[in-house]
Amino acid sequence: MQGLVWVSTHFIGLFTASGNALMGLITGILPLLIVLLTLMYAITTWVGEERMTGAIQWSARYAITRYTIMPIIAVIMLTNPACYAFGIYLPERQKPAFYDSAVSFVHPVTAFFPHANAGEIFVWAGVAAGVLKAGTEKQYATLALLYFIVGIVVIFIRGMVTEWITRLMIRRGGLTEVFDEYDKAFAKANVRTPKKKTVATAEGMA
Amino acid sequence: MADDKYKSVFVSAGSGGWGPGLLLEPSDEKNVVLSVTGGGIHPVAAKIAELTGVQAVDGFTTSVPEENVLAVVINCGGTARIGVYPRKRMLTIDVFPGEPSGPLAKYITEDVFVSAVKPANVVLADAVMADAMAGNAAMAAGSGGPKLPGSGGEKLHGMSTSAQSGQPKQGGVMGFFSRVTVSFGAVVGNIINTLLSSGRQAIQLTLQTILPFMAYVSLLIGFVTYTGLSNWIATVVTPLASSPWGLILLGVITGLPFLSPILGPGAAIAQVIGVLMGTQIAIGALPIPYALPTLFAIDGQVGCDFVPVGLALGEAKPETVAVGVPAVLFSRMITSPMAVVIAWVASFLLIV
Amino acid sequence: MNPYFRSEVVSIGVDVAEMLEGGVAIFFAEPCPDELAEVSIVHRVMDSDPQRDPAPGDVLRVGASTVTLDAVGAIAGENLRSLGHMVVYVNPEEGQDPLPGAVLATGALTVPTIGETIEIRSGGR
C-alpha cells in the first residue's frame, strides 16, 4: 500500500510540476507572442510580396547586403523554411553561404518577429523567459535587441566565411570549371549587368 | 453616363473572399460588363456599370464578343464559370466566396480573379488612392484619441475633394457625404479585416505549433525539475555556461561537424536547452548577461541538418550541394565559437 | 419512378470529353454564353419539377450512361433550377466534400450525342 501511495504521490507531483511549467509558459510569454504574431502577419500582408522580392533582388548584388539585408528580409517575409528559396537569385557558388547566413538568422529573428520561425521560438523564448523572470523588462528588451543585432553580425561573418570555404572546396574538388560554367549560365540568365558584377566582386574579395 | 469618358473602378474581395482585387479600366473597346449569374443583371454588375459608365449585359441572353468584355460577374459554385473565364484571361468577379478549385483551378489566378464581391467592394479607382491616405488619417486620428475631431476632420476634407473629382456628378451634398463615409468605411474595414485574419493566423499557429510544443516542453521540464535532474544538469552545464570560456567551449561543441547534424532537427535540443537555461537564469544560477552568449552557444548547429534541403529550395545544382554541405559544416567550426565571443563582448551592454 | 428533371442535349462543347476524362461533367441549359458552351453539355429543359432539388441517392442518366448522386452541394439545386446548370464530379476521391455548386456521383458517364436525353430521378427503391 505504501508503495502505491508513493507511486501515486509522485505521479501527481510530476504532473503538477509539469502543469506549473506549462502555466508559466502560457501566462508568461504566450500573450505577448500572440499579439506580436498578429501584428507581424498584418505587416507582411501590407508590405506585399512584390515589393519584398524587389528588395531581395537588389540586395543580392553586394556582399555586404547579401549576407545581411537579403537573409533578414527573406526570413522575416517568407519565414523558415521558405526563405531559403531566395537562393535562386544568386550564382551557384554563393548559395551555400546564403543558406548558412539565412538559417543562422532563424533564431535571432524570433526576438522581434516570432512568426518567422514560430516552431522553434523556444531557443529564444526559453532563455528570454528566464531573463524576464529574474531581470527587469528593460533587460529583456536589451537582450532582444542585442540578440537581433549580434545575430546580424554573425550571419554576415558566417556568409563571408562560408563563401570563402565554398571557394576552397570548389578548388580542392577540382570543380573550378564546372562552377565557371554555372557562373556563365547565371550571368546569361540575368542579363542585367549588376548581377554579373556580383560574381566579380566576390572573386575580388578572396 | 453623362461624361464622355469611362471611369476605372477597383473591385476588392469581400469577407471570406479570395484575391487581392482587380482594377477594371474600361475603354471604347472594353465597354461591357457581363453578368453570367442568371436571373438578369446581378447587383455587382449593375454597380460596376453605374460607376464605370459601361453597359451591363446578361450573358445568358445576350452574346457579346470576348474582346468587348471588361469583366465577367459570376455566381459560381466552384467548377465551371470560375475557371472558364479566367482561362480566357477575362477579369472574373465571383459574388460567392470561391477560390481556385475544380479542373480549371490552375487558370484561376489573382490577376484575373476576385471573389466574395459585394456591391460595396466596387469603388472608383481614384477614390482608392484617396482611401489609402484616408486610411493613414484614420489610423492617426484613431491613435490621437481626444484630438480626433480636429485632425480627423481636416484629413477627411482633404480626402473628400480628391474622391469627388473621381466621381460622376451625382447626389450633391448627401451623395458626397455618403461616398466619403463608404470609402472611409471600406478602408477602415480593410485594415480591420487584415488585422483580424492576421489574428486568426496567429491563433492558428498558437494552437497548432506553439501550444503543442509548450505542452511537450512542459512535460519535459516537469519531469526534469521534479526528479531533480535539472539540478544535475545545472551542475554540469552551469559551470560551462557561467564562464566565457565554458560558453565558447559549448559553441565549439555544438559547431562540431559530426555533432551538428545530429543536434539540428527541428532545433528540438536547442529549444529544450534554451528552456533549461531560462530556468537556470530565472532562479539566479546564471547571471543575466550570460543569456546572450548562451543563445549563440546552444545554437552553433542551427540548420546543419537541413543544408541539402535548404540548398535545394534555392534550386542549387548537385555540385553546389556537394561542396555546400561540407562548406557550411566547416565554416561552423570557425563561426560558432566566434559568434559566442562576439555575443559575450556585446553582453557587457546588458549589465547596465 | 418518373424523372423529376428531363432535358435534351443540344450541343456538346469541344472540351467536354477532356473534362469528362478528368471526372467532371458540366451542364448548362440554353441559352448559354459561348465561353461556357465550350466546356459544357448544353441542353434544353423539357420538363422539371421546381419543388424537387437533386438529393443524394438520385440517379442521373445522360444518354446511355447513368451515375448515382452521392452528395449535393449547397447551391446545386438553385443552379439547376435557375440555369439548368449542374456540375457532376464522377467517382471523386474518398471523403471529399462537394463544392457549393457541385454534386458528387459514382458510376460512369460518357459523352452523349446531340438529341439524347438527360434525366434525373429518385433512386431505385
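In what follows, chains carry the letters A, B, and so on, assigned in the order in which the sequence lines appear, proteins first and then strands, with residues in each chain numbered from 1. It should be emphasised that the depicted structure is a prediction, and the values quoted were computed from it without experimental measurement. No hydrogens, no waters, no symmetry mates; every other heavy atom, side chains included, goes into these values.
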What part of B/Val345 gets closer than 4.5 Å to chain A, counting heavy atoms only: side chain, backbone, both or neither?
neither
Minimum heavy-atom separation for A/Pro31 and A/Ile26, please, with both atom names.
CD-O, 3.1 Å
When rounded to the nearest 0.5 angstrom, what distance separates CD1 in B/Ile342 from CG in A/Leu146?
13.0 Å
Please classify the contact between B/Ser336 and chain A as side chain, backbone, both or neither, with a heavy-atom cut-off of under 4.5 Å.
both
For chain B, find which of A/Gly173, A/Ser104, A/Ala102, A/Cys83 contributes the most heavy-atom pairs closer than 4.5 angstrom.
A/Ser104
Do A/Gln94 and A/Glu163 touch side chain to side chain, with heavy atoms closer than 4.5 Å?
yes
Which atoms of A/Val131 come close to chain B, meaning under 4.5 Å heavy atom to heavy atom: side chain ones, backbone ones, both, or neither?
both
Would you call the rings of A/Phe148 and A/Phe112 parallel, tilted or perpendicular, taking 30° and 60° as the class edges?
perpendicular
Chain B contact via A/Tyr99 - which portion, at a heavy-atom distance below 4.5 Å
side chain
With only heavy atoms counted, which part of A/Phe15 is less than 4.5 Å from chain B, the side chain, the backbone, both or neither?
side chain
Who wins among A/Asn20, A/Thr142, A/Ile34 for the most heavy-atom pairs under 4.5 Å with chain B?
A/Ile34
Among B/Val275, B/Ile334, B/Thr320, the residue with the most heavy-atom pairs under 4.5 Å to chain A is B/Thr320
Name the member of A/Val103, A/Thr166, A/Val127 that forms the most heavy-atom pairs with chain B at distances under 4.5 Å.
A/Val127
For chain B, the option from A/Pro96, A/Gly87, A/Gly151, A/Ser18 that forms the most heavy-atom pairs under 4.5 Å
A/Ser18
Determine whether A/Phe86 and A/Gln57 make a side-chain contact, defined as any pair of heavy atoms from C-beta on separated by less than 4.5 Å.
no
Tell me whether B/Phe223 at atom CZ has more than 12 heavy atoms from other residues, nucleotides or ligands lying less than 6.0 Å away.
no
With chain A as the partner, which of B/Ile298, B/Val321, B/Ile288, B/Ile203 has the greatest number of non-hydrogen pairs under 4.5 Å?
B/Ile288
Are A/Phe156 and A/Tyr67 an aromatic pair, judged by ring center distance below 6.0 Å?
no
Contact origin within A/Val154 toward chain B - heavy atom pairs under 4.5 Å
side chain
Ranking B/Thr294, B/Leu195, B/Ile281 by heavy-atom pairs under 4.5 Å to chain A gives rank one to B/Ile281
With ring centroids as reference points, do A/Tyr147 and B/Phe296 lie under 6.0 angstrom apart?
yes
A/Leu22 portion near chain B, given a 4.5 angstrom heavy-atom threshold
both
What option among A/Pro108, A/Ala42, A/Gly19 has the most heavy-atom pairs under 4.5 Å with chain B?
A/Ala42
Max heavy-atom pair count under 4.5 Å with chain A, selected residue of B/Ile283, B/Leu196, B/Val325, B/Leu311
B/Leu311
For A/Val35, which atoms come within 4.5 Å of any heavy atom of chain B: side chain, backbone, both, or neither?
neither
With under 30° as parallel and over 60° as perpendicular, where do the rings of A/Tyr182 and A/Phe179 fit, or are they tilted in between?
perpendicular
Please determine whether the number of non-hydrogen atoms from other residues, nucleotides or ligands lying under 6.0 Å from atom CD1 of A/Ile64 exceeds 12.
no
A/Arg93 bridged to A/Asp180 by N-O distance under 4.0 Å:
yes
